[in-house]
Amino acid sequence: MTEIQKQMMATFLSLRVGVGIIGIVFPLLLWGGGKIAGFHLADSMSAYYHATRDCIEPKRPEPEAPCASDPPPTGRGPMRNWFVGILFVIGVCLYLIKGFSKWENLLLTIAGLLAVCVAIFPMPWTKGEVTGFPKHYVSAVTFFILIAFVCMFCSGKTLKYMPDIPNREKTIARYRRLYRGLATSMAVSPIAAYLFNEFTFQKRLAFWAEAFGIWAFGTYWLVKTKELRLSDVERRALRGEVDINISALR
């Protein structure tokens with residue numbers, strides 16, 4: 001492999017590893033930053049755009065989180081810039097990552113745009129009923145669904161190029177199980193968060209439901225990077241040893 005090929009490979013791998021690490025750190029950063037700012041766990045990750053020590057959630061009972069003003073102040077959360085900035089980084093990374101088919105590229109690009117939409121259309125922050133089209137929630141749920149689709153239906157495309165290694169078939173089967181499990185986690189997490197928020201008194205569980213989905217998202221990229229290193233399919237493609245049909249989804 002030439003030096004420029006090594007540089008190109010390093011770029012591909014660094015992008016995937018970077019977005020994986022960011023996804024895993026994201027919920028912990030919000031939680032830890034909120035603790036440093038002086039308030040307990042918010043009801044959702046999106047709430048950190050607004051949440052402050054004086055108002056963690058405007059609809060909570062007052063002894064828990066008194067919001068003196070009505071309407072409560074919006075967009076003043078000490079973790080707001082972190083929340084928005086990380087979503088923009090994730091969105092840009094998903095746009096820059098190129099998959100192994102035109103369909104995967106399209107899905108990742110749309111998911112990247114939706115990550116940005118989650119940031120620029122913050123969740124409603126009011127004590128009353130929310131009206132209007134829920135741009136924030138639709139963007140967030142669709143983001144998870146698209147990434148889950150990539151994980152479920154696009155990730156296995158490179159497994160067929162796994163070289164002749166010990167226990168090859170078992171290794172391929174293990175990766176397929178991992179991808180199915182991670183895809184299911186990503187698809188289920190926004191639904192679980194919604195159910196916790198709407199039908200239980202344990203609303204903080206919604207934060208962990210969302211966090212679980214984000215961790216599955218980050219883990220997917222780390223697992224995918226490990227698989228690609230094992231199969232060496234990108235280097236082989238650069239050298240012309242592998243010809244992948246990018247028009248086919250799988």
Side-chain angles (χ1 to χ4, degrees), residues 7-37 41-42 44-51 77-100 104-105 107-123 136-137 139-152 154-155 178-179 181-190 193 206-229 234:
Q7 289 288 86
M8 292 170 67
M9 285 295 301
T11 299
F12 301 151
L13 294 174
S14 297
L15 268 175
R16 293 191 183 93
V17 171
V19 75
I21 293 173
I22 289 170
I24 290 171
V25 170
F26 190 14
L28 299 175
L29 179 66
L30 293 179
W31 180 32
K35 293 284 283 185
I36 293 171
L41 185 66
S44 69
M45 291 178 63
S46 298
Y48 280 87
Y49 185 93
H50 306 288
M79 298 306 295
R80 181 196 65 179
N81 291 346
W82 287 96
F83 177 79
V84 171
I86 289 176
L87 285 172
F88 266 80
V89 169
I90 289 174
V92 170
C93 286
L94 291 178
Y95 171 77
L96 293 175
I97 292 173
K98 303 305 175 185
F100 291 87
E104 187 177 359
N105 284 343
L107 292 170
L108 291 176
T109 297
I110 296 173
L113 291 173
L114 288 170
V116 173
C117 288
V118 173
I120 63 178
F121 300 121
M123 70 173 289
H136 177 84
Y137 300 116
S139 298
V141 171
T142 310
F143 167 84
F144 276 112
I145 291 173
L146 290 184
I147 296 297
F149 187 93
V150 169
C151 186
M152 180 71 79
C154 301
S155 59
L178 273 170
Y179 291 143
L182 291 170
T184 302
S185 298
M186 282 186 267
V188 167
S189 67
F207 175 93
W208 296 115
E210 293 172 351
F212 191 69
I214 291 291
W215 285 332
F217 164 80
T219 302
Y220 165 68
W221 289 108
L222 297 179
V223 171
K224 188 64 183 176
T225 301
K226 184 177 179 181
E227 180 229 312
L228 293 175
R229 282 177 171 167
E234 288 178 312

Using side-chain heavy atoms (C-beta onward) and a distance below 4.5 Å, is P27 in contact with E210?
no
Could you state the interatomic distance from OG (S46) to CG (L30), rounded to the nearest 0.5 Å?
9.0 Å
Hey, does L178 have a side-chain heavy atom less than 4.5 Å from the side chain of E227?
no
Interatomic distance, L107 atom CG to I145 atom CD1 [nearest 0.5 angstrom]
12.0 Å
Using a 4.5 Å cut-off on heavy atoms from C-beta on, say whether the side chain of I214 contacts that of F144.
yes
I need the minimum non-hydrogen distance between F83 and M45, along with the two atoms involved.
CE1-O, 3.6 Å
Side chains of W221 and I21: does their closest heavy-atom pair fall under 4.5 Å?
no
Might you point out which heavy atoms bring C151 and A183 nearest each other, and give the distance in Å?
SG-N, 3.7 Å
Give, for atom OG of S189 and atom CZ of F217, the distance between the pair rounded to the nearest 0.5 Å.
11.5 Å
With W208 via ring pair (Phe, Tyr, Trp, His ring centres under 6.0 Å) - residues at least two apart
W31
Nearest 0.5 angstrom please: I86 CD1 to L29 CG, how far?
4.5 Å
Only counting residues at least two apart or in another chain, list the ones meeting ring pair (Phe, Tyr, Trp, His ring centres under 6.0 Å) with Y49.
none
Is it the case that K98 places NZ or CZ above or below the six-membered ring of Y95, under 6.0 angstrom from the centre and within 45 degrees of the axis?
yes
Looking at M123, is its backbone amide N or carbonyl O close enough to the side chain of H50 to form a donor-acceptor pair, meaning the two atoms are under 3.5 Å apart?
yes
Give me the atom names and distance for the closest heavy-atom approach of L222 to V17.
CD2-O, 3.9 Å
Less than 4.5 Å apart, side chain to side chain, heavy atoms only: is that true for F143 and M186?
no
Is it the case that the side chain of Y48 and the backbone of A42 share a donor-acceptor pair, with hydrogens and angles ignored and the cut-off at 3.5 Å?
yes
Heavy atoms of M79 and G33 approach each other most closely as SD-CA, 3.5 Å
Compare every heavy atom of S155 with every heavy atom of Y220, then report the nearest pair and how far apart it is.
OH-CB, 3.6 Å
Donor-acceptor pair, distance only, cut-off 3.5 Å: does the side chain of H136 make one with the backbone of V118?
yes
Distance-minimising heavy-atom pair for V116 and G91:
CG2-CA, 4.4 Å
So does I24 get a backbone contact from the side chain of W215, meaning a donor-acceptor N/O pair under 3.5 Å?
yes
Do L87 and F26 have side chains that approach each other closer than 4.5 Å (heavy atoms only, starting at C-beta)?
yes
Carefully, step by step, assess I147 and L108 under the rule side-chain contact (heavy atoms from CB on, under 4.5 Å).
CA-CA 7 Å; I147 296 297; L108 291 176; 4.1 Å; yes
pair T109-L94: side-chain heavy atoms closer than 4.5 Å
no
